[in-house]
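Worksheet: one structure, shown below.
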Amino acid sequence: MATERYDTVIIGGGSAGCVLANRLSEAPDHRVLVLEAGRPDSLWDLFIHMPAGLSTPLGNRFYDWRYHSDPEPHMGGRRVYHARGKLLGGSSSINGMIYVRGNAMDFERWAADEGMAHWSYAHCLPYFQRAETREGGDPAWRGHSGPLHLEVGPCTNPLFQAFFAAVQQAGHPLTDDYNGYKQEGFGPFDRNVRRGRRWSAARAYLHPVLRRRNLTVRCRAMVTGLIMRGKRITGVEYTRRGRAIRVEAGQVICCGGSINSPQLLQLAGIGQPEALKRAGVAVRHALPGVGGNLQDHLEVYIQHACKRPVSLAPALKWWNQPWIGLQWLFAKVGPAASNHFEAGGFYRSNHDVAYPNVQLHFLPLAVRYDGTVPVSQHGYQIHAGPNLSDARGRLSIRSDDPFEHPSLKFEYLSTAQDRREWIEVVRSVREILAQPAFADFDGGEISPGPAVQTNAEILDWVARDAETALHPCGTCKMGVGDDAVVDPQTFAVHGVEGLRVVDASVFPTITNGNIYAPVMMVAEKAADAIRGDTPLPPSTAPFYRHGHSPEHPALGPPALQ
């Protein structure tokens, strides 16, 4: 078996892995190897770069790990499909391109845990700013010189204007920047699109530095195991082009995401002892939290027919697609240059929650995420679901085979809170779509349809029809408690030397919205911690908290004031 040696091996060339590859290789004498199991994000793979082509890689074995949950007991035994990116850029190369930092209170919630004080909003905001370049926006909250370019949805379709009017008629405010002072409200989305092209983590962080002599990136390199001596990880084993290769490393950083990272730890014998024994894996280090705390966002599509011919339905007609494709290919304009999730917002579905617990995405087209349409007519829809579910699932390997997908059970709809909020979500979205602003467009509800009315019928429909929003997280929770896996200051795996985890699996709790932006923030913060750099100073920017007047905004907990 061939043997190589590097200072740092990064397992996974996805969102977090691209950030760390860039930041850690800035030191010219520090040799970094990135191992990505999937393919390169070649410019010739047009549908991963064309924003409107986002449904094409989903379910495609060349770009997607194509996971399925175990039968979900509260969803009629359904196995829920989970797409995860299997190429450079990871899921940022196949996702919906919506950039949501989360609510400031998400990070106050993180900071309230023991040992997590430096994860407050004040401490996280500077890393969000360092990552991004966004036109406009107050510099107190926004970044303007980072690698991650953002564009604001233009929202020129008249259905977007009807949506903005309808939410106000339903009693919800607008917000001029949901990633700024106030998340609560509705407005255009920030999107990971630059000049009509998807701007993935690989395009933002990795491709600009590929010429560095101390950085090596290998695709189609499947890591099959961690090399462990005592309680120290000294390297990895991987296969590539039929060869087994061993790499010795000063440190190994798992950036495989919330499914691959805990899977790899468990394969190495790091995890809950009984679960490891059931899979036929020898226990090398007991760490019960590995694979636990699994969280996700579930969503439904509430769809209406449109009486006026203003939706994006013509763009789906085969006879229009050659011209649309040529517009994008040669000028990066036209319908293909947008992800079409250009607007949405956040609100509270009841008066008991302290900050928004629901996110909506508005789309001027009736279509499912996989590109299928319910009817061949004009339509529009809202993607909706609770953002702060208290349901917790688990991940566990089935055997010692690294190529076998792990067991996933999310426990969707398993709690009283979850079921109550789902009823509130569906009823409140219907209220928005019934406002006068949509009167000239509304051709009737397609999904779930007028037959679904009672609480029981709503929950039954959600159980039958809901899909994952593709935001799994939490399976290598950072913290200091018995269920924690990762040290919140160093990202080192508790009780194991030479091994760190940096990706969405370290989230203690899921954030309020799409998780890509907080993953990038976590990776930026981790880069400083791993290099031993002084952390960026905490921000003093205020943030909105319901119940506080704009004249006296909340700054956070007393220790930060």
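Given the structure is predicted, the values throughout are model-derived calculations rather than measurements.
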- His378 vs Phe441, ring-ring contact (aromatic ring centres under 6.0 Å, His included): CA-CA, chis, key distance, verdict: CA-CA 10 Å; His378 286 276; Phe441 303 98; over 10 Å; no
- Task: Indicate yes or no for a side-chain donor-acceptor contact from Ser505 to the backbone of Cys473 under 3.5 Å, with no hydrogens or angles considered.
- Result: no
- Message: Among residues at least two apart in sequence or on other chains, which ones pass ring pair (Phe, Tyr, Trp, His ring centres under 6.0 Å) with Phe189?
- Response: Tyr178, His361
- Would you confirm whether Asp41, through its side chain, and Ser93, through its main-chain N or O, come within 3.5 Å as a donor-acceptor pair? no
- Message: Please tell me whether Asn455 and Arg427 have a donor and an acceptor in their side chains that are separated by less than 3.5 angstrom.
- Response: yes
- Query: Would you say Asp503's side chain and Ala16's backbone share a donor-acceptor pair under 3.5 angstrom?
  - Reply: no
- In sequence, state the C-alpha distance, the side-chain angles, and the governing distance for Arg23 and Glu524, and then conclude on salt bridge (charged side-chain N to carboxylate O under 4.0 Å, His left out). CA-CA 8 Å; Arg23 299 304 189 192; Glu524 284 278 15; 2.8 Å; yes
- Item | Heavy-atom donor-acceptor pair, Ser261 side chain to Ser258 backbone, under 3.5 Å | no
- Among side-chain atoms of Asn339 and Arg198, is any donor-acceptor pair under 3.5 angstrom? no
Donor-acceptor pairs under 3.5 angstrom involving side-chain atoms of residues 159-169: please list them, not counting sequence neighbours.
from, atom 1, to, atom 2, distance (Å)
Gln161, NE2, Cys155, O, 2.8
Gln168, NE2, Phe164, O, 3.1
Gln169, OE1, Ala437, N, 3.0

- Query: What do the steps show when you test His49 against Leu43 for side chain to side chain contact (heavy atoms under 4.5 Å, CB included), and what is the final call?
  - Reply: CA-CA 7 Å; His49 301 291; Leu43 287 176; 4.2 Å; yes
- Decide ring-ring contact (aromatic ring centres under 6.0 Å, His included) for Phe507 and Trp110; before the verdict, give the C-alpha distance in whole Å, the side-chain angles of both, and the deciding distance to 0.1 Å. CA-CA 8 Å; Phe507 289 15; Trp110 288 13; 5.2 Å; yes
- Message: Checking side-chain polar atoms at under 3.5 Å, does Glu421 have a donor or acceptor matched by the opposite partner on Asn357?
- Response: yes
- Message: Taking CZ in Phe47 as the centre, count heavy atoms belonging to other residues, nucleotides or ligands within less than 6.0 Å. Is the count above 12?
- Response: no
- Check the pair Glu445 / Arg430 against salt bridge (charged side-chain N to carboxylate O under 4.0 Å, His left out), numbers first and verdict last. CA-CA 9 Å; Glu445 186 176 275; Arg430 280 176 155 173; 2.7 Å; yes
- Please say whether the positively charged group of Arg194, taken as NZ for Lys or CZ for Arg, lies over the ring of Trp199, i.e. under 6.0 angstrom from the six-membered ring centre and within 45 degrees of the axis. yes
- Item | Salt-bridge contact Arg545-Glu184 (side-chain N to carboxylate O under 4.0 Å) | no
- Would you please name every residue forming a side-chain hydrogen bond (donor to acceptor under 3.5 Å, both in side chains) with Ser15, sequence neighbours left out? none
- Message: Within the 3.5 Å criterion, strictly below it, is a donor on Tyr301 or Asp465 matched to an acceptor on the partner's side chain?
- Response: no
- Taking the six-membered ring of Trp119 as reference, does the NZ or CZ atom of Lys525 fall below 6.0 Å from its centre and within a 45° cone about the axis? yes
- Chi angles and distances behind the salt bridge (charged side-chain N to carboxylate O under 4.0 Å, His left out) call for Arg142, Asp190: CA-CA 12 Å; Arg142 303 313 301 252; Asp190 287 342; 2.8 Å; yes
- Task: Ignoring hydrogens and angles, state whether a donor on the side chain of Asp296 or Tyr412 is under 3.5 Å from an acceptor on the partner side chain.
- Result: yes
- Message: Show, in sequence, the C-alpha distance, side-chain angles and deciding distance for His546 and Tyr355, and conclude whether the ring-ring contact (aromatic ring centres under 6.0 Å, His included) test is met.
- Response: CA-CA 6 Å; His546 182 67; Tyr355 62 105; over 10 Å; no
- Message: We want to know whether Tyr121 and Asp106 form a side-chain donor-acceptor pair, criterion being a heavy-atom distance below 3.5 angstrom.
- Response: no
- Item | Criterion ring-ring contact (aromatic ring centres under 6.0 Å, His included) on Tyr380 and Phe438, from CA distance to verdict | CA-CA 11 Å; Tyr380 52 91; Phe438 277 114; 5.0 Å; yes
- Looking just at side-chain N and O atoms, do Asn514 and Gln359 make a donor-acceptor pair shorter than 3.5 Å? yes
- Is a side-chain donor-acceptor pair under 3.5 Å present for Glu151 with His149? no
- Side chains of Arg191 and Ser338: donor-acceptor distance under 3.5 Å anywhere? yes
- Query: Yes or no on salt bridge (charged side-chain N to carboxylate O under 4.0 Å, His left out) for Glu132 and Arg101, after CA distance, side-chain angles and deciding distance?
  - Reply: CA-CA 11 Å; Glu132 74 180 27; Arg101 290 175 173 178; 3.0 Å; yes
- Query: Under 3.5 Å, is there a donor-acceptor pair between the Gln183 and Tyr347 side chains?
  - Reply: no
